[in-house]
Amino acid sequence: MAKLLTGLKPTGEFTLGNYIGAIVPLVKMQDEYDEVYLFVADLHALTIYQDPKELRERIRKFIAMYIACGVNPTKVTIYLQSENPYIPAISWLLECTTQFGEASRMIQFKEKSKQNTNFSVGLFTYPVLMAADILYCDTDYVPVGIDQKQHVELARDVAERFNHKYGETFVLPQPYIAKAGTKIKDLKDPTKKMSKSEENPQGVITMFDTKEEITKKIMRATTDSEMNVCFDEENKPGISNLLNIASVLSGQEITDIEKEFVGKNYGEFKAYVAEIVACKLEKIQTKYEALLKGNELDRILDEGIQKSIALAQAKYEEMKEKMGIVR
Ligand code: ATP
Ligand code: LTN
């Protein structure tokens with residue numbers, strides 16, 4: 001009975017990087033696991049100030065986008081983190097099981113607290129809430145980007161400590177890191193990852209971009225001064241990034257794409273990549289628009305949250321009982 005769970009923070013527009021890094025692997029794996037959970041980590045988004053109106057719109061957009069991208073709602077339990085009141089309650093019980101020292105070692109906290117002079121307590125306790133997200137439903141695997149690996153390991157350590165102190169309660173989760181080849185880079189600066197919080201929109205393709213925007217961004221992507229379409233991440237990060245994108249979206253092997261472009265110039269190659277991306281996103285966008293208009297989304301979320309609450313409530317009661325907070 002292997003279980004898989006992951007979540008995305010609605011802190012910016014859903015990017016092609018999120019799609020390729022987090023959603024494509026989940027769609028591939030959804031039929032291989034007995035239970036799969038996918039949620040919008042809206043409570044985590046609050047750790048850094050979000051405009052309430054924009055956040056509200058984005059939460060719904062994320063859910064519609066998950067499904068438009070191929071996540072099967074009859075197989076995957078889809079929900080909003082904030083609609084399950086037992087998750088923050090479990091998080092508190094876990095906070096009391098987490099060492100201040102181990103939470104202080106989290107790299108994301110160190111980096112984000114350096115970027116903002118006024119940071120919240122929530123930014124510090126963020127990984128414990130993430131542990132609650134993961135542990136309440138006995139998840140075995142957590143597909144995340146490499147930056148989140150340390151947080152999943154913390155969840156595992158906290159679970160182990162809880163089990164040791166109070167008796168067997170949690171399954172120990174493992175991070176599942178997608179292969180390095182699918183780390184999508186910024187088009188303008190292919191040495192860094194394509195990120196939703198990037199200020200220069202020219203390097204980032206969002207899932208809502210039009211064909212014109214996609215074409216413009218890809219045609220202006222930073223490449224090298226050679227004329228050779230071949231995969232070499234170290235010396236040709238721009239071309240390698242475009243090859244990665246084209247390969248994941250078309251299902252073609254990178255070596256086959258390289259062969260097709262022997263003797264052709266970068267302009268022709270970029271036009272080909274732009275066409276693949278635009279074509280894929282157009283199909284997703286059509287589904288997305290239909291989902292946003294209908295009421296299917298609410299039905300899916302209602303079902304998802306019911307299942308999530310039932311599991312979290314049972315885990316919360318079990319934890320309280322074991323910790324001695326019962327009448
Ligand atoms: P932020 O820029 O605000 O940190 P982000 O775009 O990195 O946001 P997250 O919500 O932190 O997005 O990440 C959600 C998941 O999407 C990550 O766990 C990671 O697996 C994946 N992801 C994000 N960006 C990329 C990328 N450029 N390439 C591959 N995967 C990515
Ligand atoms: N911190 C993650 C989002 C997230 C998550 C989770 C991922 C919150 N809770 C539980 C996996 C499992 C991020 O920034 N991508």
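What you see is a predicted model; the values in this text were computed from it and never measured. First listed ligand is number 1; within each ligand, the first listed atom is number 1.
Considering backbone and side-chain N/O of L8, none are found under 3.5 Å from N/O of ligand 1. Below 3.5 Å of separation, one finds an N or O of M194 facing an N or O of ligand 1. In terms of polar-atom proximity, defined here as any N/O pair under 3.5 Å, S195 does make such a contact with ligand 1. On a distance-only criterion, G145 and ligand 1 share at least one N/O pair closer than 3.5 Å.
Residue-ligand proximity: V144 is placed with a non-hydrogen atom under 4.0 Å from ligand 1. Taking 4.0 Å as the cut-off, N18 counts as a neighbour of ligand 1 on heavy-atom distance.
Using modelled atom types and a 3.5 Å distance limit, the side chains of T97 and K165 yield no donor-acceptor pair. A donor atom on one side chain and an acceptor atom on the other are not found under 3.5 Å apart for N244 and S247.
Distances from atom 4 (O) of ligand 1 to the heavy atoms of K192, K112, Q108, E198 show the closest one on K112. The residue from E13, K193, K149, K196 that puts a heavy atom closest to atom 7 (O) of ligand 1 is K193.
In this pair, Y66 and F62 present their aromatic rings perpendicular. The plane angle is above 60°, beyond the 30 to 60° band.
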Exercise answer: donor-acceptor pairs, residues 138-145 side-chain atoms, under 3.5 Å, sequence neighbours excluded:
{"unit_1": "D138", "atom_1": "OD1", "unit_2": "K315", "atom_2": "NZ", "d": "2.9"}
{"unit_1": "D138", "atom_1": "OD2", "unit_2": "K315", "atom_2": "NZ", "d": "3.2"}
{"unit_1": "T139", "atom_1": "OG1", "unit_2": "I134", "atom_2": "O", "d": "2.6"}
{"unit_1": "D140", "atom_1": "OD2", "unit_2": "K3", "atom_2": "N", "d": "2.6"}

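Applying the ring pair (Phe, Tyr, Trp, His ring centres under 6.0 Å) test to every pair with at least one member in residues 236-268, sequence neighbours left out, gives these pairs: F261-F269, F261-Y272. Applying the ring pair (Phe, Tyr, Trp, His ring centres under 6.0 Å) rule to pairs touching residues 297-327 yields Y86-Y316, sequence neighbours excluded.
The pair E198-K192 counts as a salt bridge, with a side-chain nitrogen and a carboxylate oxygen less than 4.0 angstrom apart.
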Between the protein and ligand 2, are there any N or O atom pairs that come within less than 3.5 Å of each other, and if so, what are their names and distances?
{"unit_1": "ligand 2", "atom_1": "1 (N)", "unit_2": "Y126", "atom_2": "OH", "d": "2.6"}
{"unit_1": "ligand 2", "atom_1": "1 (N)", "unit_2": "Q148", "atom_2": "OE1", "d": "2.9"}
{"unit_1": "ligand 2", "atom_1": "9 (N)", "unit_2": "D133", "atom_2": "OD2", "d": "2.7"}
{"unit_1": "ligand 2", "atom_1": "14 (O)", "unit_2": "K9", "atom_2": "NZ", "d": "3.3"}
{"unit_1": "ligand 2", "atom_1": "14 (O)", "unit_2": "Y126", "atom_2": "OH", "d": "3.0"}
{"unit_1": "ligand 2", "atom_1": "14 (O)", "unit_2": "Q148", "atom_2": "NE2", "d": "3.2"}

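When all heavy atoms of P10 and I59 are compared, the pair lying nearest together is CG-CG1, 4.1 Å.
Of the possible donor and acceptor atoms, none in the side chain of E13 sits under 3.5 Å from a partner among the backbone N and O of F208.
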